[in-house]
Number of protein chains: 4
Amino acid sequence: MRTSRLEAFSDGVLAIVITIMVLELRVPESEEGHVATFADLVDAHLVPVIFSYILSFVYIAIYWNNHHHLMSTADHMSGSIMWANMHLLFWLSLVPFSTSWLGESHGAAAPAALYGLILLMAGVAYFVLSRMIIRAGGANSTLARAVGRDRKGEISPVLYALGIVMAFVWTPLSYALYVVVAALWLIPDRRIERLVAAQPDPTE
Amino acid sequence: MRTSRLEAFSDGVLAIVITIMVLELRVPESEEGHVATFADLVDAHLVPVIFSYILSFVYIAIYWNNHHHLMSTADHMSGSIMWANMHLLFWLSLVPFSTSWLGESHGAAAPAALYGLILLMAGVAYFVLSRMIIRAGGANSTLARAVGRDRKGEISPVLYALGIVMAFVWTPLSYALYVVVAALWLIPDRRIERLVAAQPDPTE
Amino acid sequence: MRTSRLEAFSDGVLAIVITIMVLELRVPESEEGHVATFADLVDAHLVPVIFSYILSFVYIAIYWNNHHHLMSTADHMSGSIMWANMHLLFWLSLVPFSTSWLGESHGAAAPAALYGLILLMAGVAYFVLSRMIIRAGGANSTLARAVGRDRKGEISPVLYALGIVMAFVWTPLSYALYVVVAALWLIPDRRIERLVAAQPDPTE
Amino acid sequence: MRTSRLEAFSDGVLAIVITIMVLELRVPESEEGHVATFADLVDAHLVPVIFSYILSFVYIAIYWNNHHHLMSTADHMSGSIMWANMHLLFWLSLVPFSTSWLGESHGAAAPAALYGLILLMAGVAYFVLSRMIIRAGGANSTLARAVGRDRKGEISPVLYALGIVMAFVWTPLSYALYVVVAALWLIPDRRIERLVAAQPDPTE
């Protein structure tokens, strides 16, 4: 029962986070005598705003999906799981802000770095939450599944960190790295696993 | 269990989408000495804003209703169903933006075309989601019900596409087409089915 | 199952409606060198804004409470119940808009009348919804309970209508009438019933 | 069943309250030719805004957690529990407003005092709600657990009141007191209990 309410609250927060970002998509009201055209969307700098909206939408959707799987492996809640979950929601709640700054930044370095930093912190918070759940549950199968999933979880923070650094070197590469991480999580697990299986793995 | 959480998240997103549109309804605060009148609502161009709000409210309500029926036919979830659902929510999350642009457009063509485009994409996303659920379930009865419902689903995209084209020819006709599609879905199924049954159907 | 999802969606909409009204409570950021004081809240006309916020908060809370009781008497859903519910949510979704206009109106007649009109329409929508549920269920006990509750439901629209008219005669009386209706619903049922029982009732 | 819907509605309101505060985090769009930097975040006074956001996020998370525990001890609902809960949600719904004023106040006294006042009123509302639930349930174990928890509940309002007074004496101390109360609730119960157990307790 308690797990379900934590999920319901997290669902609520994630649903709001994913939806309020759309409030950034805003065309200035046309003045008297001006006929609105598609060019107005470009003039209002909506192209980068929409790009950053799509990227963040995909990230929040990935988090919702992973959170949903993670929570289904948790048998009972504890204070530390609840606070680890709140910590994750805190960083995800900052995504609309960093998305908005990224969308309006005209390719500047700082907003791209901040975007990566918040993704990195959310990734760390997710990792902490998963460890808390493993510690509370301790089931062999759950642990195994979590470890099996960890490869993406291990590569992602490295790519986020690289994205933060690259923001100050060549910002477009920074964007590309964030897109790559999202794509990594979007591609169904099995293909990734085969790819990863190609390289020797000391835990097997 | 997993179906219920996907529904809860979708409910959350749709509840927010349907409600944040009301933030567009805004009368500029009356200045000192000015007494607010109903004429202020007209001066603030609220009449077209309210028209577009009602239209979008009805569309989101229709999607919620259909989504609710569709999900009740799904026995088990999969990654593809989850992502098809997110894809649908993405297009529906853009409805407040296109509603806002439509409401402030003073009858311009581009906002009317964009409104239709987003409805069209949401329709396509809904179709993809329903195919994913049919493929996962494969139950005869579910398939049959889905096919039975498909007539509206087949006419709607044609009317949306016509609405997009008409936006550039005669914009009021574009609005009328979007109202017609909404009305098609509002009229209880049985009457429509009788109407459709009048014409020969190769699948029966 | 279907009832619960309709309730979940309605809960979501009402939770958002009751919360986004707080976005109206906004003090302009103090300029450099100015020290924020409580007088700023008065200067920003927050006193009437807070008054209208409290009134609308109470109204939405009353609707949530009554909606919750009404839905618990419904055994099975139908298309007409679902649409009657959406109709109610539509009028309640306009409450933040009319609250905002009322709060900023400096006592003007039109915003007070619009506020009453939206409450009146929500009351009508609630009445229609309750009839739909009675028609679908048809249970004697449910009917009886609904009829027993109806006294407030019959007085409220009369007082709303009076409030709309009074807005143009003497606006403070209009506010008072809206407060009276809210108070009527806040006072626990039993006391009201005794009060009403004092006058002869043809249905008993 | 009725408890769960009250929880679902409260979850919805708290999820929105915790999330809309992020709408305050807003960097003005950079003008043509200006490259966005981290210094812009400082110039937009985002440092105190983020501080107040974190503090309020933690407070709402604490309330959600406590509310969740409190509700799990309630066996059946009543009109008075429902209204006591709405009263609590009312004060918590004002947190985004007081957070926003605090964040933009440049250390002024009035916003710090208002922030404490709203926390104090939410604390009072929580106390009233817990008494209503104890009165309705009357179970020995529930009462005992509630009394056991009360120490923090008794110290908090004293510290809030002190924070309100200190806002006008030395504002930074006011901030510190609000942080201390949040920390008190964040530290796991057992440690606190041992600390409190050190002083003689007449109820044991």
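As the structure is a prediction and not an experimental result, all values here were calculated from the model. All chains are named by letter (A, B, ...) in the order of the sequence lines, taking the proteins before the strands, and each is independently numbered beginning at 1. Any value given below was found using the heavy atoms of this structure, including those in side chains, with hydrogens, waters and symmetry copies removed.
Closest of all the heavy-atom pairs between B:Asp11 and C:Phe9 is O-CD1, 3.9 Å. Across all non-hydrogen atoms, the minimal contact from C:Arg5 to B:His68 is NH1-CA, 2.9 Å. Closest approach of B:Ile54 to C:Phe90, counting heavy atoms only: CG1-CZ, 3.5 Å. Between C:Ser93 and B:Val22, the shortest heavy-atom contact is O-CG2, 3.0 Å. Between B:Ala36 and C:Ala110, the closest heavy-atom pair is O-CB, 3.8 Å. Across all their heavy atoms, C:Trp83 and B:Ile62 have their closest contact at CH2-CG1, 3.6 Å.
Looking at B:Ile18, the atoms closer than 4.5 Å to chain C (heavy atoms on both sides) all sit in the side chain, from C-beta outward. Interface residue B:Phe38: backbone and side-chain heavy atoms are both found under 4.5 Å from chain C. Looking at B:Ile50, neither its backbone nor its side chain comes within 4.5 Å of chain C, counting heavy atoms on both sides. Interface remark: C:Met82 contributes side-chain atoms only to the contact with chain B (heavy atom separation under 4.5 Å). Using a 4.5 Å cut-off between heavy atoms, C:Ser100 does not touch chain B at all. Looking at B:Leu46, the atoms closer than 4.5 Å to chain C (heavy atoms on both sides) all sit in the side chain, from C-beta outward. Interface remark: C:Leu94 contributes backbone and side-chain atoms alike to the contact with chain B (heavy atom separation under 4.5 Å).
B:Asp40 CG to C:Trp101 CH2: the interatomic distance, rounded to the nearest 0.5 Å, is 6.0 Å. Here CD1 of B:Ile20 is found 11.0 Å from CG of C:Leu23. Values are rounded to the nearest 0.5 Å. From C:Glu24, atom CD reaches atom CZ of B:Arg26 across 5.0 Å, with rounding to the nearest 0.5 Å.
When each of B:Ala8, B:Ser10, B:Ala15, B:Gly12 is checked for heavy-atom pairs under 4.5 Å with chain C, B:Ala15 comes out on top. When each of B:Leu25, B:Ile16, B:Val58, B:Leu14 is checked for heavy-atom pairs under 4.5 Å with chain C, B:Leu25 comes out on top.
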